[in-house]
Amino acid sequence: MIKRNNKGLTVKKNEDFSKWFSEIIDKANIVDLRLDMKGFMVISPWGAAIIEKMYRLFSDELELKGHKQTFMPSVIPEANLKKESSHVKGFTPEVFWLKEINKEKLALRPTSETLYTPMFKLWARSYRDLPLKLYQRGSVFRLDTKATRPLIRTREILWIEAHDAFATKAQAEAQVQEDIETTDKILTNKMGIPFLPMKRPEWDKFAGAEYTVGSDCLMPDGKLIQQPSTHLMGQKFSKAFDAKFTNEKEQEEYLWTTAYGPAMSRILVSVISTHGDDQGLILPSCLTPIDTAIVPIFKKDNKNKVIAKAKEIEKELTKIGLKTQIDLTDKSPGEKFNIWELKGVPTRIEIGEKELDKKQATVFIRDIKEKQTVKLDKLDKIKSLIKEYDKRLLEKASKTFDGKIVECSSEKEIKKVLDEGKIAKVNFCSTDNKGLTCANKIEKTFNAEVRGTMANKKEKAKGNCPICNEKATKVVYIGRSY
């Protein structure tokens, strides 16, 4: 049985990121690993509240853009998985197979293309039924045989997956770009996490897709972690399942499909790692379960008066839309301060005899660790303090991220940049299979990967590839990853 240490963080983020991450997800009540099942984890109440907010952000945005929610089975018949040969070949080693029932072999879903496409066949019979944009929230299961890591690399992934069907390739490709915009709106603008939308090389695309776009975020240890990915499935699955529609000319055509998959558990990794510090989490306001924690500071003779005022403040803040909690636990004020800082709450209000006399509250701001006084009749100022807080989180993260991308023109420069925990921007020979030899050399020599090309803008290549010295045709980004 794994023991749980409830003391504060014992390691600094910039000295041992791996240990810091392991400590923070335990001590900040994000996960509980004491069931001790490889690749599976219990999400603790604080972590679950954060993930629920993530689900809501993505669900609301998908519905705003025309998606309808569905619930699909958690199992897939073996026959469905085998319909698209490259898909099953890519996933078979990672599938959890269930015991055969009545001669039918079922798998826990690793992803749901082979569930949605048969339904597209039934639900999208005419061009009038298109586009058909659907999504679900839940778990997918991957029998990962590599080393698992809580939230980062797991066997059960908490995510949303959107599956869409269109009449034309142009409409499907427009959806891929819309998915990138959705990621940018939520991941960057709301959560403060910058990313590179990378069109993956031919050898690294999703099994069964025409092409894949992955959102690469940089971790403090210099490794990249893939966040929401979107895939142009083209007509491969439609042809495998004979999913056709009748066009305006009364002719039958195969559907064009896409898939989009934000993984809540992995996104939480980037939030924790990008914003957190040596005291604990720093949560963007869109994700924090509590906007403001109120800590009453009292003695026996003024306890009732101070708590009464704290309740008045709580009521007022709730009225203006801030989720608030009064900390009445049997701990010292210092212990309470540390707990709320560990949990990453944006602001903390301290209210005691001194504040009552001056008709003001002392407000602690989590990211800059500064205190301000706010008049009790001007508590709405806290909303603007939180808005400024969110802005600082994004500005700081963006500045750090931008400084980590370095142009390289030689193998020596690539190695230096990667060893410094940065991303190498390189003119490269090719991202189709012609470039695989150079990509393999990069992996073997530098323990790094060609992550792809920018998917939302064109970058013109120049000069020669530093690996093979052939004429460069693509500008690629190279990094180390989980």
Participant: Can you name the nearest heavy-atom pair linking Pro194 to Gly192, along with the distance?
Facilitator: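 Shortest heavy-atom separation between Pro194 and Gly192 comes out as CD-O, 3.6 Å.
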Participant: Sub-3.5 Å donor-acceptor pair from the side chain of Lys13 to the main-chain atoms of Gly276, do we have one?
Facilitator: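 Confirmed, Lys13 side chain pairs with Gly276 backbone.
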Participant: Could you check Gln175 against Thr258 for side-chain hydrogen bond (donor to acceptor under 3.5 Å, both in side chains), going step by step and ending with a plain yes or no?
Facilitator: CA-CA 7 Å; Gln175 182 61 49; Thr258 65; 5.3 Å; no
Participant: Would you check if the side chain of Asn80 reaches a backbone N or O of Thr114 as a donor-acceptor pair within less than 3.5 Å?
Facilitator: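 Pair found, side chain donor or acceptor close to backbone of Thr114.
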Participant: Under a 3.5 Å distance rule, please check whether Gln177 uses its side chain to pair with a backbone N or O of Ala455 as donor and acceptor.
Facilitator: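 Yes, the answer is positive, given that a donor and an acceptor are paired below the 3.5 Å cut-off.
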Participant: Do Glu420 and Lys416 sit within salt-bridge range, that is, some charged N less than 4.0 Å from a carboxylate O?
Facilitator: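 Yes, this pair counts.
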Participant: One pair to check against side-chain contact (heavy atoms from CB on, under 4.5 Å): Gln226 and Arg200. What are the steps and the verdict?
Facilitator: CA-CA 11 Å; Gln226 178 175 293; Arg200 298 294 187 221; 2.7 Å; yes
Participant: Would you say Thr183 and Pro262 make side-chain contact, with heavy atoms under 4.5 Å?
Facilitator: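 No - every pair of side-chain heavy atoms lies 4.5 Å or more apart.
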Participant: When you check the gap from the basic side-chain N to the acidic O, do Glu178 and Lys133 get nearer than 4.0 Å?
Facilitator: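 Looking at Lys133 together with Glu178, the answer is yes, because their closest N to O distance falls below 4.0 Å.
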Participant: Side-chain contact, heavy-atom cut-off 4.5 Å: Ile76 with Val95?
Facilitator: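 The answer is no; the side chains never approach within 4.5 Å.
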Participant: Working to the nearest 0.5 Å, report the span between CD of Glu113 and CG of Leu81.
Facilitator: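 CG of Leu81 is found 10.0 Å from CD of Glu113.
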Participant: Tell me the closest heavy-atom pair linking Leu106 and Pro77, and the distance in Å.
Facilitator: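 Heavy atoms of Leu106 and Pro77 come nearest at CD2-CA, 3.7 Å.
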Participant: I'd like to know if the side chain of Glu63 pairs up with that of Ser59 as donor and acceptor (distance under 3.5 Å, no hydrogens or angles considered).
Facilitator: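 The answer is no; no qualifying pair exists.
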Participant: Are any side-chain N or O atoms of Trp20 and backbone N or O atoms of Asp277, one a donor and one an acceptor, separated by less than 3.5 Å?
Facilitator: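 Yes.
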Participant: Taking Ser410 for its side chain and Glu413 for its backbone only, find out whether a donor-acceptor pair lies under 3.5 Å.
Facilitator: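 Here the side-chain-to-backbone pair exists.
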Participant: For Glu210 versus Gly234, what's the shortest heavy-atom pair and its separation?
Facilitator: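 Minimum heavy-atom contact is OE2-CA, 3.6 Å.
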Participant: Within a strict 4.5 Å, meaning less than it, do heavy atoms of the Tyr211 and His231 side chains meet?
Facilitator: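 No, too far: nothing below the 4.5 Å cut-off.
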Participant: What's the separation between atom CD1 in Ile50 and atom CG in Leu287, rounded to the nearest 0.5 Å?
Facilitator: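 One finds 7.0 Å between CD1 of Ile50 and CG of Leu287.
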Participant: Should the pair Lys65-Glu61 be classified as a salt bridge under the 4.0 Å nitrogen-to-oxygen rule?
Facilitator: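 Judged by the 4.0 Å cut-off on N to carboxylate O distance, Lys65 and Glu61 do form a salt bridge.
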Participant: Only one of Leu283, Ile267, Leu281 passes side-chain contact (heavy atoms from CB on, under 4.5 Å) with Ile272; say which it is.
Facilitator: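 The side-chain contact (heavy atoms from CB on, under 4.5 Å) with Ile272 is passed solely by Leu281 among Leu283, Ile267, Leu281.
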Participant: Would you check if Ser409 and Asn427 make a side-chain contact, meaning some heavy-atom pair closer than 4.5 Å?
Facilitator: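 With C-beta onward as the side chain, the pair stays apart.
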Participant: Hey, are Lys369 and Glu341 close enough for a salt bridge, meaning a charged N less than 4.0 Å from a carboxylate O?
Facilitator: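 Between Glu341 and Lys369 there is no salt bridge, as every charged N stays at least 4.0 Å from the carboxylate O atoms.
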Participant: Side-chain donor-acceptor pairs under 3.5 Å in residues 473-482, sequence neighbours left out?
Facilitator:
from, atom 1, to, atom 2, distance (Å)
Thr473, OG1, Cys429, O, 2.4
Tyr477, OH, Glu459, OE1, 2.9
Tyr477, OH, Glu459, OE2, 3.0
Arg480, NE, Phe446, O, 2.9
Arg480, NH1, Leu418, O, 3.2
Arg480, NH1, Asp419, OD1, 3.2
Arg480, NH2, Asp419, OD1, 3.1
Arg480, NH2, Phe446, O, 2.9
Ser481, OG, Glu449, OE1, 2.9
Ser481, OG, Glu449, OE2, 3.3
Ser481, OG, Arg451, NH1, 3.3
Tyr482, OH, Asp221, OD1, 3.3
Tyr482, OH, Asp221, OD2, 2.5

Participant: Would the distance check show the side chain of Arg109 and the main-chain N or O of Val75 forming a donor-acceptor pair, the cut-off being under 3.5 Å?
Facilitator: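 No.
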Participant: For the atom pair CG (Asp32) and CD1 (Ile30), what is the distance rounded to the nearest 0.5 Å?
Facilitator: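 Reported to 0.5 Å precision, the distance equals 12.0 Å.
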Participant: Is there a side-chain contact between Phe58 and Tyr260 (heavy atoms, below 4.5 Å)?
Facilitator: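 Answer yes - side chains close enough.
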Participant: For Leu115, is there any backbone N or O sitting under 3.5 Å from a side-chain donor or acceptor partner on Ser112?
Facilitator: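 Flag not set: sc Ser112 to bb Leu115 has no pair under 3.5 Å.
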Participant: Answer whether the closest heavy-atom distance between the side chains of Lys223 and Ile152 falls below 4.5 Å.
Facilitator: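 The answer is no, as the side chains (C-beta and beyond) never meet within the 4.5 Å cut-off.
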Participant: Hey, are Ser270 and Gln227 close enough side-chain-wise for a donor-acceptor pair under 3.5 Å?
Facilitator: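 Yes, a side-chain donor-acceptor pair sits under 3.5 Å.
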Participant: Just to verify, which of Leu224, Asp216, Asp184 counts as forming a side-chain contact (heavy atoms from CB on, under 4.5 Å) with Phe195?
Facilitator: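 Running side-chain contact (heavy atoms from CB on, under 4.5 Å) over Leu224, Asp216, Asp184 with Phe195 returns exactly one hit, Asp184.
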Participant: Can you tell me if His275 uses its side chain to pair, donor with acceptor, with the backbone of Asp367 under 3.5 Å?
Facilitator: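 No: the side chain of His275 does not pair with the backbone of Asp367.
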Participant: Side chains of Glu156 and Ser139: do they bring a donor and an acceptor to under 3.5 Å?
Facilitator: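 Result is yes, a qualifying pair exists.
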Participant: Here's a test for you: under side-chain contact (heavy atoms from CB on, under 4.5 Å), which of Phe166, Phe120, Phe241 qualifies with Leu255?
Facilitator: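 Running side-chain contact (heavy atoms from CB on, under 4.5 Å) over Phe166, Phe120, Phe241 with Leu255 returns exactly one hit, Phe120.
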Participant: Closest heavy-atom contact between Met219 and Ser273?
Facilitator: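 Shortest heavy-atom separation between Met219 and Ser273 comes out as CE-OG, 3.4 Å.
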Participant: Please check if any side-chain donor atom of Thr70 sits under 3.5 Å from a side-chain acceptor atom of Tyr116, or the reverse.
Facilitator: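 Checked: Thr70/Tyr116 side chains pair up, N/O donor to acceptor below 3.5 Å.
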Participant: Could you tell me whether a side-chain N or O of Trp46 sits under 3.5 Å from a main-chain N or O of Lys343, the two making a donor and an acceptor?
Facilitator: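 Such a contact is found between Trp46 side chain and Lys343 backbone.
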Participant: Checking the side chain of Lys27 only, and the main-chain atoms of Gly8 only, is there a donor and an acceptor separated by less than 3.5 Å?
Facilitator: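 The answer is yes, because a donor-acceptor pair under 3.5 Å joins these two groups.
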Participant: Can you see whether Tyr389 has Arg366 sitting over its ring - NZ or CZ less than 6.0 Å from the centre and within 45° of the normal?
Facilitator: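 Not flagged: Arg366 not positioned over aromatic ring of Tyr389.
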Participant: Check whether any side-chain heavy atom of Cys468 sits under 4.5 Å from a side-chain heavy atom of Thr437, and report yes or no.
Facilitator: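 In short, these two side chains do not touch, never coming nearer than 4.5 Å.
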Participant: Answer yes or no: is there a side-chain heavy-atom contact under 4.5 Å between Asp278 and Leu9?
Facilitator: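 They are not in side-chain contact.
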